[in-house]
Engineer: 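Below you'll find the structure I mean.
Counting begins at 1 with the first residue of the sequence.
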Amino acid sequence: MLCRVTTARSPSSTAASDMARLLAAVRAVVLDVSDGRGLGLVTPDVSFERELGLGSLERVELAIRAGDAFGVQLSEEAFSTADTPRQLLAFLQAQSYDAKTPVVSCTGAARAALLPGPSSVPPPADAATLVDILTYHVRTQPDRVHIVLEDDDGSAIPITYAALYRAATAVGQGLRAHGLVRGRTVAIMLPTSLGYFATFLGVLLAGGVPVPLYPPMRLDRIAEYIGRCTKILTNADAQILVTFDRAARVADIARDRVTSIEHVLAVDALLANDGRVPVQVDVEASDTALIQYTSGSTGDPKGVELTHANVVANIRAATEGCGLVPEDVVVSWLPLYHDMGLIGGWLMPFYAGVPTVIMSPLAFLSRPIRWLGALSDYRATCSVSPNFAFDLCVKRIDAATAVGLHLGQVRAVLNGSEPILPATLDRFVARFAASGLRREAIFCAYGLVENMVAVTFPPVLRAARGDRIEWAPVSAEG
């Protein structure tokens with residue numbers, strides 16, 4: 001089932017009035033982020049980042065306001081590539097005047113219908129590897145929906161275990177045909193998509209080691225991106241890089257700088273292989289399942305080598321710690337190259353056999369209501385999120401909209417990956433209490449890449465507790 005409705009057309013207008021309308025939106029955002037002081041002259045060719053000082057979140061805010069002004073929802077490409085009002089206007093006009101551009105909505109009833117009922121199949125308690133987990137679910141419940149992929153255009157695509165296995169097998173075939181050596185690394189430079197999930201598992205089926213990379217989003221910062229991913233590719237000794245069309249130029253440059261890379265492969269070409277021919281290589285619990293890199297925010301990214309035994313033990317413990325049961329549904333918007341999104345948003349429900357609804361980070365950042373709306377429509381019970389996202393929801397979702405959400409069934413929203421602020425929890429719970437949200441559903445956890453991810457969990461449905469520590473005596477006396 002694919003949720004779609006069409007179509008809307010914006011009223012016609014002149015190029016001059018369009019630019020004036022857009023510049024007004026730019027000025028409003030600049031004034032907001034500068035506390036009314038302004039950050040420079042706003043002209044059609046001014047750089048959002050270099051001259052106006054608009055960072056990634058501010059650019060998303062601008063794209064939302066501009067889209068609202070023109071009656072369209074801007075694409076991910078617009079967020080990531082437009083760096084001047086003139087460039088942004090081109091995207092707005094293209095979407096405003098194309099009658100084929102859909103304004104997409106998926107109703108709560110249609111969303112809920114995509115999900116299977118509770119499974120009678122228990123988690124694979126004897127599984128030693130991620131490949132064991134995949135083959136277990138394919139054998140015991142092949143037609144059960146594992147992932148509902150919410151695309152940036154609002155469409156929702158259900159992916160069963162069998163479909164995921166076929167796609168992963170197709171990717172594995174292509175990798176083996178290009179000479180992938182057992183135990184060698186394959187870098188994955190892909191956005192949130194079926195291709196990402198299929199490539200991650202296809203690498204494992206073919207005996208390789210996946211290395212997730214964040215895909216390039218800002219064409220005006222390509223040099224910085226290439227420098228960072230080149231360090232990772234070199235450190236990982238990557239043999240193959242799997243990417244997508246928009247990243248092809250970046251991938252070729254990276255390959256020129258990394259002597260270990262033998263092939264740069266397009267994911268669509270890999271998925272075109274025949275996924276019905278088995279390709280599985282024997283994998284042991286002691287084999288490397290993943291190399292997860294730290295963010296590199298305080299230095300060069302550092303790789304953490306994780307075995308299948310590491311990964312399976314952690315997601316098994318996390319499943320128990322969250323109290324996942326067959327009736328659960330997980331929702332995640334976190335990036336799949338990040339440990340919290342990869343493990344909490346995908347691999348934990350992958351092990352538990354519960355469906356997970358996954359959308360891209362930009363889908364959430366551009367419209368936070370999509371996260372809480374998905375929790376509401378799918379009657380989801382669990383999710384994962386860093387602290388800042390809770391404040392973003394309070395800022396962007398007004399009280400009137402919050403009343404229409406159904407969040408009473410939410411049992412555990414894992415809040416982690418950055419400092420957790422009590423005031424943030426207070427604001428979030430206060431805003432969405434009318435939606436049924438319980439304070440004890442905010443599940444404050446701690447994790448880090450070096451431990452796979454999960455380290456500490458509180459008891460399920462225990463409200464977060466706070467303590468005050470006098471820092472001076474602690475720092476002076478230990």
Side-chain angles (χ1 to χ4, degrees), residues 123-138 164-165 168-169 171-172 175-176 180-188 196-213 232-242 260 279-296 301-322 324 334-353 384 416-417 445-457:
D126 296 329
T129 70
L130 291 173
V131 172
D132 291 343
I133 295 172
L134 175 62
T135 54
Y136 171 86
H137 288 305
V138 171
L164 181 57
Y165 181 75
T169 299
V171 171
L175 295 174
R176 296 293 290 179
L180 176 63
V181 176
R182 189 182 189 283
R184 289 292 303 276
T185 53
V186 176
I188 304 173
Y196 177 93
F197 300 110
T199 300
F200 188 98
L201 292 174
V203 172
L204 294 176
L205 289 175
V209 177
V211 180
L213 303 174
I232 294 177
L233 292 167
T234 300
N235 182 265
D237 193 34
Q239 181 186 357
I240 294 174
L241 172 61
V242 179
S260 63
V279 73
Q280 185 175 332
V281 173
D282 289 337
V283 177
E284 304 294 334
S286 58
D287 290 340
T288 303
L290 163 70
I291 298 180
Q292 178 74 50
Y293 278 83
T294 59
S295 64
K302 298 176 178 61
V304 179
E305 185 176 3
L306 300 162
T307 67
H308 285 271
N310 295 147
V311 178
V312 173
N314 202 270
I315 58 179
R316 184 175 284 134
T319 297
E320 295 174 1
C322 292
L324 286 185
L334 292 177
L336 294 166
Y337 58 82
H338 187 277
D339 57 344
M340 194 175 181
L342 177 64
I343 311 304
W346 178 34
L347 293 181
M348 183 176 67
F350 173 64
Y351 169 80
V384 288
S417 85
Y446 176 72
L448 71 166
V449 172
E450 291 83 350
N451 193 65
M452 180 66 217
V453 62
V455 176
T456 63
F457 280 180

Engineer: Are I133 and I315 close enough that some pair of their side-chain heavy atoms sits under 4.5 Å apart?
Structural biologist: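 Yes; the side chains approach each other to less than 4.5 Å.
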
Engineer: Are L290 and L342 close enough that some pair of their side-chain heavy atoms sits under 4.5 Å apart?
Structural biologist: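 Contact flag for L290/L342 side chains = yes.
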
Engineer: For the pair R316 (side chain) and P123 (backbone), establish whether a donor and an acceptor sit closer than 3.5 Å, ignoring hydrogens and angles.
Structural biologist: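 Side chain of R316 to backbone of P123, a donor-acceptor pair under 3.5 Å: no, none is there.
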
Engineer: Keeping N235 on the side-chain end and I232 on the backbone end, is there a donor-acceptor pair under 3.5 Å?
Structural biologist: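 Flag not set: sc N235 to bb I232 has no pair under 3.5 Å.
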
Engineer: Would you say the side chain of D132 lies within less than 4.5 Å of the side chain of H308, judging by non-hydrogen atoms?
Structural biologist: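 No, their side chains stay 4.5 Å or more apart.
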
Engineer: Can you confirm whether Y165 sits close enough to L205 that some side-chain heavy atom of one is under 4.5 Å from a side-chain heavy atom of the other?
Structural biologist: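 The answer is yes; the side chains approach within 4.5 Å.
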
Engineer: Compare every heavy atom of A198 with every heavy atom of L164, then report the nearest pair and how far apart it is.
Structural biologist: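 Closest pair (atom of L164, atom of A198, distance): CD1-N, 4.0 Å.
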
Engineer: Give a yes or no on whether the backbone of A236 and the side-chain of T185 come within a donor-acceptor separation of less than 3.5 Å.
Structural biologist: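 Checked: pair present.
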
Engineer: Heavy atoms only: give me the nearest A285-T307 pair and the separation to one decimal.
Structural biologist: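 Taking every non-hydrogen atom into account, O-CB, 3.6 Å.
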
Engineer: Can you tell if the side chain of L233 reaches within under 4.5 Å of the side chain of L213, non-hydrogen atoms only?
Structural biologist: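 Contact flag for L233/L213 side chains = yes.
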
Engineer: Any side-chain heavy atom of V203 sitting closer than 4.5 Å to one from V211?
Structural biologist: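 Heavy-atom side-chain distance check fails, nothing below 4.5 Å.
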
Engineer: Is Q292 reaching over with its side chain to a backbone N or O of Y337, donor-acceptor style, under 3.5 angstrom?
Structural biologist: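 Yes: the side chain of Q292 pairs with the backbone of Y337.
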
Engineer: Closest approach of P210 and I188, non-hydrogen atoms and distance?
Structural biologist: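 P210 and I188 have their closest heavy atoms at CB-CD1, 3.8 Å.
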
Engineer: Can you confirm whether S260 sits close enough to R184 that some side-chain heavy atom of one is under 4.5 Å from a side-chain heavy atom of the other?
Structural biologist: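 S260 vs R184: side chains touch.
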
Engineer: Treating D287 as the side-chain partner and V283 as the backbone partner, does any N or O pair qualify as donor plus acceptor under 3.5 Å?
Structural biologist: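 No.
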
Engineer: Nearest 0.5 angstrom please: D126 CG to Y136 OH, how far?
Structural biologist: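 The CG atom of D126 sits 9.0 Å away from the OH atom of Y136.
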
Engineer: Could you tell me which non-hydrogen atom of H137 sits nearest to which non-hydrogen atom of Y351, and how far apart they are?
Structural biologist: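 Heavy atoms of H137 and Y351 come nearest at NE2-O, 3.4 Å.
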
Engineer: Restricting to non-hydrogen atoms, name the atom on I343 and the atom on P349 that form the minimum distance, rounded to 0.1 Å.
Structural biologist: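 Scanning both residues completely, I find the closest heavy atoms to be O-CD, 4.2 Å.
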
Engineer: Measure the OG1-CG distance between T135 and L201 for me, rounded to the nearest 0.5 Å.
Structural biologist: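 Reported to 0.5 Å precision, the distance equals 11.0 Å.
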
Engineer: Got a second to check how far L180's CG is from I240's CD1, nearest 0.5 Å?
Structural biologist: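 One gets 5.0 Å once the value is rounded to the nearest 0.5 Å.
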
Engineer: Has the side chain of R176 got a donor or acceptor atom that lies under 3.5 Å from a matching backbone atom of G207?
Structural biologist: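 Between the backbone of G207 and the side chain of R176 there is no qualifying donor-acceptor contact (under 3.5 Å).
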
Engineer: Give a yes or no on whether the backbone of L336 and the side-chain of Y196 come within a donor-acceptor separation of less than 3.5 Å.
Structural biologist: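 Confirmed, Y196 side chain pairs with L336 backbone.
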
Engineer: Might you point out which heavy atoms bring M340 and H338 nearest each other, and give the distance in Å?
Structural biologist: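 Heavy-atom minimum between the residues: N-ND1, 3.0 Å.
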
